[in-house]
Asks: 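This is the structure I want to talk about, given as structure tokens.
As a basis for the values below, the full set of heavy atoms in this structure was taken, side chains included, without hydrogen atoms, waters or symmetry mates. Whatever order the structure lists ligands and atoms in, that order sets their numbers, starting from 1. What you see is a predicted model, and the numbers here were worked out from it, not measured in a lab.
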Amino acid sequence: MMASIWAVVPAAGRGTRFGGGIPKQYLDVAGRPLLAHTLEALLSHAAVAGVVVAVGEGDEWWPGWSEFAGKPVLTCTGGDSRAASVLAALETLPESVRADDFVLVHDAARPNLAQADLDRLLESGRADPVGAILAAPVRDTLKRAGDDGGIDGTEPRERLWRALTPQLFRRLQLTRALQVAAAAGIEVTDEAMALERQGLRPLLVEGREDNFKITTPADLARFEFELARR
Ligand code: C5P
């Protein structure tokens with residue numbers, strides 16, 4: 001049995017492009033908020049001990065969970081950026097999570113995480129000195145657009161990957177890397193980027209294409225379809 005691990009979920013985004021003023025992590029999917037599906041995907045894994053969720057300041061939709069799937073749920077107030085929300089959540093982890101323990105970071109808006117992907121990330125990431133991320137190779141041909149909407153050129157896609165979550169790093173190393181990036185005024189869009197800036201090289205672990213982030217109504221429909229198919 002693997003040692004247990006805590007997870008951090010940034011859920012303080014205010015993305016309301018779905019309408020109704022409800023942030024996407026609280027949209028109803030099959031009778032539950034989207035966030036419930038995400039927490040279930042994480043917490044139903046035997047190795048995951050608990051989760052810290054970063055919620056937006058004055059968040060009126062947070063359902064007030066203090067446990068989920070029989071495991072503890074802690075909360076904190078998120079920040080103005082994803083990285084700031086992750087930092088706040090890292091600071092809220094219980095003291096039992098030691099400085100060099102690995103921690104998972106997973107987007108609230110990524111509910112379709114498969115257990116097998118989490119298994120492989122934990123196995124490969126814990127064997128790596130730095131950590132690892134789930135990622136998928138770029139399959140489409142990439143075009144660079146000019147100002148007029150015309151194509152300026154084609155970018156080589158060899159060796160290009162899309163960064164997914166969860167991402168697995170050591171508590172203190174990740175905290176420091178995010179703090180350094182914030183102090184330098186650099187907006188990191190995932191955790192790995194903060195570590196890369198320090199010259200570290202996290203491992204890419206190929207994950208499923210269907211671990212998608214819900215960004216548009218079409219993504220939400222896709223997740224509803226996946227749920228119905230399960
Ligand atoms: O906006 P985007 O989809 O990239 O957000 C990724 C994740 O980061 C979401 O789960 C969102 O709720 C979270 N986030 C956050 N704090 C912010 C911005 C985004 O926790 N200030």
Asks: Which atom names give the shortest non-hydrogen contact between L104 and P166, and what distance separates them?
Replies: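 That closest heavy-atom pairing would be CD2-CB, 3.8 Å.
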
Asks: Under the ring pair (Phe, Tyr, Trp, His ring centres under 6.0 Å) test, which residues partner W62, sequence neighbours left out?
Replies: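 Result, ring pair (Phe, Tyr, Trp, His ring centres under 6.0 Å) vs W62: W65.
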
Asks: Using only heavy-atom distances, determine whether the side chains of H45 and D119 contain a donor-acceptor pair under 3.5 Å.
Replies: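 Judged by distance alone, the side chains do pair up.
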
Asks: How are the rings of W61 and Y26 set relative to one another: parallel (under 30°), tilted (30 to 60°) or perpendicular (over 60°)?
Replies: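 W61 and Y26: parallel rings.
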
Asks: Are I133 and L195 co-members of a hydrophobic cluster defined by side-chain heavy atoms under 4.5 Å apart?
Replies: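 Yes, L195 connects to I133 through the hydrophobic network.
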
Asks: With a 4.0 Å heavy-atom cut-off, what residues sit around ligand 1?
Replies: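 These residues qualify: P10, A11, A12, G13, K24, G79, D80, S81, R82, S85, D107, A108, A109, K213.
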
Asks: Do we get R170 above F102's six-membered ring, with its NZ or CZ under 6.0 Å from the centre and within 45° of the axis?
Replies: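 The answer is yes; both the distance and angle limits are met.
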
